[in-house]
Each structure stands twice: as structure tokens, then as C-alpha cells.
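Proteins come first, then strands; the chains are lettered A, B, ... in the order of their sequence lines, and each starts at number 1. Predicted, not measured: the structure shown is a model, and the values here were computed from it.
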2 protein chains.
Amino acid sequence: MARTTGSHSDITGPRVRAAALALFAQHGFAAVSMRQIAREVGVQAGALYNYTPDKQSLLFDLMNAHMSELLASRADLPAEQSPLQALETFTRFHIRFHSERPEEVFIAYMELRNLSDENFQKIEELRRAYEDQLEEILREGVAEGVFQVADSKLATMAVIAMLTGVNTWFREGGRLSLAQVEQIYWDMVRKSVGA
Amino acid sequence: MARTTGSHSDITGPRVRAAALALFAQHGFAAVSMRQIAREVGVQAGALYNYTPDKQSLLFDLMNAHMSELLASRADLPAEQSPLQALETFTRFHIRFHSERPEEVFIAYMELRNLSDENFQKIEELRRAYEDQLEEILREGVAEGVFQVADSKLATMAVIAMLTGVNTWFREGGRLSLAQVEQIYWDMVRKSVGA
DNA sequence: GTTTTAAAAGAACATCTGTTCAGTTAACTA
DNA sequence: TAGTTAACTGAACAGATGTTCTTTTAAAAC
């Protein structure tokens, strides 16, 4: 056999990325073989190399797409808000965006060490850019006297860790709706920065 | 060659665990081979099986020891405190204990999916027991009217995520001392629960 | 309908994987 | 010092690993 009936790169390409995403999230990058991904797609291992130069690029592309989408979605949010409004917007956005993409988030946090040095730098840059946006909000709030935080960098890390932690336990259809979780976390974030 | 001069299980055993700890933390369980561990110890791969029945047990033993030590150290802390004092004690203990064991903490969070079902249950039980202690503190504080939290379970998860997040960026000898970090985080935790 | 191109199969490569085991030598015991 | 036990070597096992390449066939273009 060779080319199969109905085969098309516009279909197979996305399926390769989807299979890699699901498998990497479940078992980890290092524990997943190219043959497992191929089996999931319904193709032989060699065919994957029509869609990625190698396994490493497959991982990087997934992480890069996720981080880029995060920054792009964030950029679509309303600007020109007061620090308090901006913090609420950021909080709710972060929880919602991340809860909608549990697999991407999981990979983005767990597989950093499996990136090549060069790829790691690029992802780190994107992550830093995102964190800086929160820090900027906190800084403005402090300058306006709305927030009381001893150290804006620490507060940034604390808030992000707290919010991203939602992904470790939140499941749709559980005891609380996402809207309720958003509200409770927003209350805690607000109080934690003294507003 | 066979038995090497100076070889002794009291020495090699700990070295095997230390090598596994360091390598698992750096590259991930799945990415580390028994031969890499053996090379680090200065021994052939087969010799490792004098110290562990298999690779999986090596991982489980590391995680189990870590979680057990966490609970034991926690049990040594002063009890009979007010909810506010107890929360401060918990906060400072958590940050200090975790900052002293970055590799163990990293493995305990990242390698859960590489545990067998049975081993995963055991580790989860220990983790749950630890979280329950924080939740109990929050519950008592709410009952006494000292804390204002909408949901004690969520607040527990939020606080732990926030505190454990310190490990992702804190490095000894950095801009802030551990004592400073402890203080700042304690302020944020206290405020976040409305105290 | 013929030619060109795109997509996949399937075999092959060298190397690595966890684990077992018989053989060998050092350390300990009496 | 002889006998026993503990610690390790080194080879072997069967199978998996990422990746490359030639060949084959379907889809698209003309």
C-alpha cells in the first residue's frame, strides 16, 4: 500500500497535532513514541515526517501555538481600565482561557525541560511577556494607591500560581461552575493585593 | 571484574537514590535510563537491582519518602494554636520545607502520571492528608469568624498553589532572602483569607 | 486521459530500553 | 586462614526508539 484513499494534508496535519497533544498531555513527551502518535492518527510512523521535521519540533509547535494564542487572546481584551478593573479582567481571563485548554496548559508547564535550549528560550520569552502584563497592572495599582503589595514581582508570581492551580482540580460538571470559581478566585486575588 | 573494592550497600544504596533523584528531577522519569543512573553511581546497570526491584519502585520510593517526611515534619509543629497562628505556622512551614527540597518537590508534582495505579493511590492519599490539614485550619478560622472564605476547599487549593509556586522561581542567593519571601507570602495569604 | 504531484506504506538503520543471571571477587565471620 | 556471604560485572534477551528512504498509489492539473 501507499497513498490511501481520501488522504489529504489539510486533514492529516491537524490530526497529527491533536494526537500528539493528547498523548503528550497524558503520558508525557518522553514516554510517547512516534509510532504511538502514528497509530492514533491511523498512519505509519514514517508518514508523520511529512508534517514535522522531528519529534522535538512537534512539541515546540504545540507549546508555541498555545503561548501565542494566549498572548493574542489577551491582546483582544479591553484596555484603558482602572488597575482594579484590569486585575479583575486579567483574573477572569486567565482562569477561563486556561480551563478551556487543560492539555495545552499541562504540556506548557510540564514539558519545558524537554525543549532544546533554543526552543526553551523562545517559550520562556512568551511566558515572561504574559507575566509582565500582570506585573504592570499591579505596579499601576500600587502607584495609584489602590493596591498594597510589598513586591510586585512576587505578587505577580503568587497570583499566577494561584490562578493556574485551578487547572489541577477544576472539572466541568463538578461541584462548582466555572463562573462561581471565577468569582471566588477573584475575591481572593483582590483581597491578597489589598484591594 | 566483580565485587569492587570498598563496595558496600550502605554507601551504594543512598547513592542510587540520590542519582535517581537528581536525574529524574532534571530530565524526567521517562527520559532517564537505568544505565544513566548506574553511570552516575559508577556501577553497571545490573547492580542497581540489588537496591530496587525495578525502575517504577525507585520512583515511588522517592515520592513516598518525600511525602512521608512532609507529613512527619508537619506533625512536629506546635499544635494548639489559634487559627490565625496556625495558618501562619503552616504558611511558613510549607515555604521553608519545600524550598529546601526543590528536586523532591519537582518530582512529586511532575511524575505522578508515571506511577502505577496502585502507587498513585498511595501518594494521592498522603497529599490529600496534607491538604486536609490546611483546610481544617481554614474551617476553624471561619467558624470563629476570623477568616472570610467563600469555600474552604477552593481556598485550600488556592493557598497551596500559591505557596508551592515559590519553588518555580526562588533561588537561594537571589534578590530576596527566604525570610523575606516567607513574610511577603504570609501577608498575601493572610489577606486573601480576609484576616 | 495523461502527466505531475502529494501522501502514504513499509522496510531498514543503528542504537537504546528494562531486566535477568551466571560468574567473579571483595568483605566479613568464625 | 578457610568458608561464607555480599556486591558487582558483563553478557545476553527480546523488543522499542527516532528517523530515512525507496516504492507505491491516490489526487490534482492540464
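One atom, CG of B:L23, and another, C1' of C:dG18, lie 16 Å apart when rounded to the nearest Å. B:L48 places its CG atom 17 Å from the P atom of C:dC21, with the value rounded to the nearest Å. A:N50 places its CG atom 12 Å from the P atom of D:dT20, with the value rounded to the nearest Å. Following rounding to the nearest Å, B:Q44 (CD) and D:dT9 (P) show an atom-to-atom distance of 5 Å. The distance from atom CZ of A:R3 to atom P of C:dA9 is 12 Å, rounded to the nearest whole Å.
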**OP:** Check the pair A:R127, A:E124 against salt bridge (charged side-chain N to carboxylate O under 4.0 Å, His left out), reporting the backbone distance first and the verdict last.
**Re:** CA-CA 5 Å; A:R127 197 181 54 76; A:E124 272 295 288; 2.6 Å; yes

Original post:
Given B:R139 and B:E135, is the salt bridge (charged side-chain N to carboxylate O under 4.0 Å, His left out) satisfied, shown in steps?
Top reply: CA-CA 6 Å; B:R139 276 221 167 88; B:E135 189 175 358; 3.3 Å; yes

Subject >> A:L70 and A:F93: CA distance, side-chain angles, deciding distance, side chain to side chain contact (heavy atoms under 4.5 Å, CB included) verdict >> reply: CA-CA 10 Å; A:L70 174 66; A:F93 164 76; 3.9 Å; yes

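With no hydrogens or angles considered, no side-chain donor-acceptor pair links A:D76 and A:S73 at under 3.5 Å.
B:F106 is not connected to B:I123 by any chain of hydrophobic side-chain contacts under 4.5 Å among Ile, Leu, Val, Met, Phe, Trp and Tyr, and they are in different clusters.
Not a single side chain to side chain donor-acceptor pair (under 3.5 Å) links A:R35 to another residue, sequence neighbours left out.
One finds no salt bridge joining A:R96 and A:E100 here, because no Lys/Arg side-chain nitrogen approaches an Asp/Glu carboxylate oxygen to under 4.0 Å.
DNA chain C lies under 4.0 Å from at least one heavy atom of each of the following residues of residues 5-22 of chain A: A:S7, A:H8, A:S9, A:T12.
Close placement of the A:Y130 and A:H94 rings is indicated, their centers lying within 6.0 Å of each other.
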Are any protein N/O atoms closer than 3.5 Å to N/O atoms in nucleotides 15-17 of chain C? If there are, list each pair with its distance.
from: C:dT17; atom 1: OP1; to: B:S33; atom 2: OG; distance (Å): 3.4
from: C:dT17; atom 1: OP2; to: B:S33; atom 2: OG; distance (Å): 3.4

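Ring geometry for A:F29 versus A:F24: interplanar angle over 60°, hence perpendicular rather than tilted (30 to 60°).
Among the protein residues, B:A47 comes within range of the nucleic acid bases, having at least one heavy atom under 4.0 Å from a base atom.
Side-chain proximity of A:A45 to the nucleotides C:dA8, C:dA7, D:dT19 is greatest for D:dT19. Counting only heavy atoms from C-beta on, A:Y51 has its side chain closest to C:dA8 among D:dT25, C:dA8, D:dC8.
Between A:Y49 and C:dA7, a side-chain N or O to OP1/OP2 separation shorter than 4.0 Å is absent.
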